[in-house]
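Fair warning: this is a prediction, and the values are worked out from it, not measured in the lab. Numbers for residues simply follow the sequence, beginning at 1. Quick note: numbers below take in every heavy atom, side chains included, and nothing from hydrogens, waters or symmetry partners.
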Amino acid sequence: MNAKRDAVAVNILGKEYRIGCQEGEEEALLKAARYLDSKMKEIRGSGKVIGTDRIAVMAALNIAHELLTREDNADAAAGTANKRIRSLRERIEIALNDSAQLEL
C-alpha cells in the first residue's frame, strides 16, 4: 500500500527545493525545513563557516548532536523511572507479604 506522494516546496537559505512528501506529512516537512533553515542561517551569521556545503554539514552535525543528547537524556530518565518502579514494586510486595502474614 503506497501512500500518495506530493512535492512540497521548501526554502532553505533563500533557495527553493521541491521535496517528495507523503500525504498528510507536509506540515512536518515544512517545520523541519524551517528548523534547518534557521540553524543554517545561525551558522552563516556567525561568520566562522563559509560555503553552503560546509554550513549544511555543520548544521547537520549540530542537529545530530541535539538529537543524540535528547535521546541520551530520555534513556537516563527512563532508567531512573525503571529503578523507581522496581523500588515501589518491591515495597508493595513487602507490604502485601506483611499483610498476608498478619491475616494468618
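Residues that satisfy the side-chain hydrogen bond (donor to acceptor under 3.5 Å, both in side chains) test with Glu16, not counting sequence neighbours, are absent from this structure. For Arg54, the salt bridge (charged side-chain N to carboxylate O under 4.0 Å, His left out) criterion is met by no residue, not counting sequence neighbours. The side-chain hydrogen bond (donor to acceptor under 3.5 Å, both in side chains) test applied to Glu66 returns Tyr35, Lys39, not counting sequence neighbours.
Atom-to-atom distance recorded for Met58:CE and Glu42:CD is 11.0 Å, nearest 0.5 angstrom. Between the OG1 atom in Thr52 and the CE atom in Met40 there is a gap of 6.0 Å [rounded to 0.5 Å]. Asp6 CG to Glu26 CD: the interatomic distance, rounded to the nearest 0.5 Å, is 6.0 Å. Atom CD1 of residue Ile92 and atom CZ of residue Arg89 lie 8.5 Å apart, to the nearest 0.5 angstrom.
Between Leu30 and Ala9, the shortest heavy-atom contact is CD2-O, 3.7 Å. Across Ile12 and Ala33, no two heavy atoms sit closer than the pair CG1-O, 4.2 Å.
Residues Ile43 and Asn62 meet the side-chain proximity criterion, which asks for heavy atoms closer than 4.5 Å. In this structure the side chain of Asp37 never reaches within 4.5 angstrom of the side chain of Asn11, judged on heavy atoms.
Atom CG of Leu67 has more than 12 neighbouring heavy atoms from other residues, nucleotides or ligands inside a 6.0 Å radius.
Side chain of Ser87 to backbone of Lys83: no donor-acceptor contact under 3.5 angstrom is found. The closest donor-acceptor contact from the side chain of Glu25 to the backbone of Glu23 lies at 3.5 Å or more, if one exists at all.
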